[in-house]
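Chain naming here is simple, since letters A, B, ... match the order of the sequence lines and numbering starts at 1 in each.
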Amino acid sequence: MNFKSIKGTRDILPGEVETWQRAEDVVRRVMHSYNYREIRTPVFEQTELFARSIGELTDIVSKEMYTFHDRSNESLTLKPEGTASVLRAYIQHNLGEQSPLTKVYYLGPMFRQERPQAGRLRQFHQFGAEALGSQSAQLDVEMMLIALDVYQGLGIRQFALAINSVGCQRCRPAYKQRLTYELTKVCDRLSTESQARVKQNPLRVLDSKDENDRRLTKNAPLMKDHLCDGCREHFKSVESLLRSTRTDFRIDGRLVRGLDYYTKTAFEITSPALGSQDALAGGGRYDLLVQELGGKPTPGVGFAAGMERLIMVLKKDRKDLTDRFRPDLFIASLDETTREWAFVKARELRTAGFAVELDYLDRSVKSQMREANRLQARFVIVIGERELTSGSARLKEMQTGKEAPVMLEALEKVLKT
RNA sequence: GUGUCCGUAGUUCAGUUGGUUAGAACGCCAGGUUGUGGCCCUGGAGGUCGAGGGUUCGAGUCCCUUCGGACACCCCA
């Protein structure tokens, strides 16, 4: 019986990992450009934290979490999303006392026990940001812009932004009641899933994929048309800022997020290059959550974006990306003496900042040359007894095949040019 | 969790109505005379045919179970 990676998890091997690193670099660059600072939280937390923040009734909490008991019988859970942990840290370390506005970002693995499919893993990776302490619509839009800047920065072209407002505790209850009333009228004709939603979470009936559900709810009231003054103003500001920054977007009155904690703005970025799981990123405002988790009343906004989905789109849009690490120099050697010399010299050059590779398998020069070629080393130098006694060798530039004499002492200087 | 399809060398795949030592391409290794890559040529290594059970004289080929994968539902990043 051979060991295999757990269902729904995968290895990112050399060759693919370079694409990830490139993406991560862009994420960090964009985050820093908006002055977000990185925060790293543990991969697991008390189960209660997620139940409280995400919502007991959500699919995530009710059936998708990796929950276990440790040896002291405490219930722990591998984090299914990033926001809860960030807010926990924010509250725990009183970050709100250090400055009125906190802007942080994260990048890391998340876990959800779902059936794997295109763009859906049990361990997946997200990057995201949270801005705590301000109600400004500018921050709502900033979240969208960060995600869009990352995609643009990577040369991704296939994506679309959709926004909506899910209201607040002042206007949502009344709307919900009204919607439920309307839905009840057609309830028996809705799909079985939607029938359950009418009671559990009526808002979600609206974004059902079922064609028949869509038809039946065609004239159902939308939250965005029943916002209180505050929410309406806020939503207008978001729209206006998006226009000012010349950002393409569309208002989707049926857009609902899966997590319970959102208020006001909700948004989603999807890509037609993905499969059925087409969301690249999603986020929104959560003005009640910090308080809910035991902190002082603090407004917040955030978003999360899927790394593997980003990579999938990136591979489709940018087939030209095939970079790999290339050694600057490959030192081929002939016998035990020269091999040791090569080892020492390599160390010297590596310390000086060069990527240097050599043969560890006692191979023939021919094989070593093949290896150097495969690694796409920029230069190769063959060291034998002749070279060691004369102190000079020929440096071969692999791309052109040209060789030039070099003094071994001067190797470092020559490589620098 | 439900459904559909799939599971043969490192990789992508072939494998006739079940019938002798399971093949190809690419990749890998070694050579093509004295210390030099890419192209080309020659040779080589590498598979308990996902795993377990069953039917059969005989199973990679049929049946069951199980594990895994792909895709969709659900949900979401």
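Below the 3.5 angstrom threshold, one finds a donor paired with an acceptor across the side chain of A:Gln117 and the base of B:C74. For A:Glu268 against B:A77, a side-chain-to-base donor-acceptor contact under 3.5 Å is absent. You won't find any donor-acceptor pair under 3.5 Å spanning the side chain of A:Arg363 and the base of B:C29, going by distance alone.
Taking side-chain N and O atoms only, A:Arg370 has a distance below 4.0 Å to OP1 or OP2 of B:G38. Taking only side-chain nitrogens and oxygens, A:Gln277 never comes nearer than 4.0 Å to OP1 or OP2 of B:C76. At the phosphate of B:C75, neither OP1 nor OP2 sits under 4.0 Å from any side-chain N or O atom of A:Thr58. Using a 4.0 Å cut-off, no side-chain N or O of A:Arg120 falls inside it from OP1 or OP2 of B:A72. In this model, the phosphate group of B:C75 is not approached by any side-chain N or O of A:Arg257 to a distance below 4.0 Å at OP1 or OP2.
Rounded to a whole Å, the CZ atom of A:Phe330 is 14 Å from the P atom of B:G38. Taking atom CZ of residue A:Arg374 and atom P of nucleotide B:G37, one finds them 14 Å apart after rounding to whole Å. Between the CZ atom of A:Arg309 and the P atom of B:C75 there is a distance of 14 Å, rounded to whole Å. If you take NZ of A:Lys79 and P of B:C76, they are 20 Å apart, rounded to a whole angstrom. Atom-to-atom, CG of A:Leu375 to C1' of B:G37 comes out at 11 Å; the value is rounded to the nearest Å. The distance between atom NZ of A:Lys4 and atom C1' of B:G7, rounded to the nearest whole Å, is 10 Å. Atom CG of A:Leu57 and atom C1' of B:C76 are 17 Å apart (whole Å). Rounded to whole Å, atom P of B:A77 lies 12 Å from atom CD1 of A:Ile269.
Residue A:Glu64 is classed as a sugar-phosphate contact, given heavy-atom separations below 4.0 Å to backbone atoms only. Counting non-hydrogen atoms under 4.0 angstrom, A:Gln113 reaches nothing in the nucleic acid. If you check every strand for non-hydrogen atoms under 4.0 Å, A:Arg204 touches sugar and phosphate atoms only. Note on A:Gly8: only backbone sugar-phosphate atoms sit closer than 4.0 angstrom, heavy atoms only; bases stay farther off. Using a 4.0 Å heavy-atom cutoff across all strands shown, A:Arg10 reaches no nucleic acid atom at all. A:Gly128 comes within contact range of no nucleotide atom at all, as no heavy-atom separation falls under 4.0 Å. Looking at heavy-atom distances under 4.0 Å, A:Arg112 makes contact with a base. Using a 4.0 Å heavy-atom criterion, one finds that A:Leu121 contacts the bases of the nucleic acid, with or without backbone contacts as well. Within the nucleic acid shown, A:Gln376 has no heavy atom closer than 4.0 Å to any nucleic acid atom. Note on A:Ala372: nothing from the nucleic acid sits closer than 4.0 angstrom, heavy atoms only.
A donor-acceptor pair under 3.5 Å is formed between the side chain of A:Gln368 and the backbone N or O of A:Ser333. Side-chain N or O atoms of A:Glu18 include one that pairs as donor or acceptor with a backbone N or O of A:Gly15 at under 3.5 Å. Distance alone, capped at 3.5 Å, places no donor-acceptor pair between the A:Arg326 side chain and the A:Ala377 backbone. Panel note: side chain A:Asp328, backbone A:Ala355; a donor-acceptor pair is recorded below 3.5 Å. For A:Glu81 (side chain) and A:Ala84 (main-chain N/O), a donor-acceptor pair under 3.5 Å exists by modelled atom type.
Comparing B:U36, B:C29, B:C74 by their nearest atom to the side chain of A:Arg197 picks out B:C74. You'll find that the side chain of A:Met369 is closest to B:U36, out of B:C76, B:U36, B:G35. If you check B:A72, B:G37, B:G35 against the side chain of A:Val365, the one that comes closest is B:G35. Taking the side chain of A:Lys7 as heavy atoms from C-beta on, and the options B:G68, B:A77, B:U36, the nearest nucleotide is B:G68. Out of B:G35, B:A70, B:G38, the shortest distance to the side chain of A:Asn373 is found at B:G38. Of the candidates B:C29, B:C73, B:U36, B:U36 carries the atom nearest the A:Lys396 side chain, counting heavy atoms from C-beta on. For A:Ala279, whose side chain is taken as the heavy atoms from C-beta onward, the closest listed nucleotide among B:A77, B:G31, B:C75 is B:A77. Comparing B:G35, B:C76, B:C75 by their closest approach to the side chain of A:Arg386 singles out B:G35.
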*Check the pair A:Tyr286 / A:Tyr261 against ring pair (Phe, Tyr, Trp, His ring centres under 6.0 Å), numbers first and verdict last.*
CA-CA 6 Å; A:Tyr286 44 84; A:Tyr261 53 61; 5.7 Å; yes
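The 5' end of RNA chain B is approached more closely, in terms of each residue's nearest nucleotide, by A:Arg115 than by the other of A:Lys402 and A:Arg115. Closest-nucleotide positions on RNA chain B for A:Arg122 and A:Ala304 were compared, and the one nearer the 5' end corresponds to A:Arg122.
The pair A:Glu371-A:Arg374 counts as a salt bridge, with a side-chain nitrogen and a carboxylate oxygen less than 4.0 angstrom apart. Comment: A:Arg339 engages A:Asp362 in a salt bridge, judged by a side-chain N to carboxylate O separation of less than 4.0 angstrom.
Between B:G10 and B:C73, the distance separating the two C1' atoms is 35 Å to the nearest Å. Comparing the P positions of B:U8 and B:G50 gives an interatomic distance of 6 Å, to the nearest angstrom. B:C13 and B:U55 are spaced 30 Å apart, taking the C1' atom of each and rounding to whole Å. Rounded to a whole angstrom, the distance from the P atom of B:U16 to that of B:U61 is 11 Å. Spacing of C1' atoms, B:G15 relative to B:A24, comes out at 11 Å, to the nearest Å. B:G44 and B:A9 have their C1' atoms separated by 14 Å, given to the nearest Å. Across B:A22 and B:A59, the matching C1' atoms stand 13 Å from one another, rounded to whole Å. Nucleotides B:G53 and B:G69 are separated by 23 Å at their P atoms, to the nearest Å.
Across all strands shown, the partner of B:C40 is B:G32, judged by Watson-Crick or G-U wobble contacts whose two distances both fall under 3.5 Å. The partner of B:U66, taking Watson-Crick or G-U wobble pairs whose two distances both stay under 3.5 Å, is B:G50. When both pairing distances are held under 3.5 Å, B:C73 makes a Watson-Crick or G-U pair with B:G1. Pair assignment for B:U11 gives B:A25, based on Watson-Crick or G-U wobble hydrogen-bonding distances that are each under 3.5 Å.
Considering CG of A:Leu57 and NZ of A:Lys199, their distance stands at 14.0 Å, rounded to 0.5 Å.
Side-chain N/O atoms of A:Arg254 and A:Thr217 include a donor and acceptor closer than 3.5 Å.
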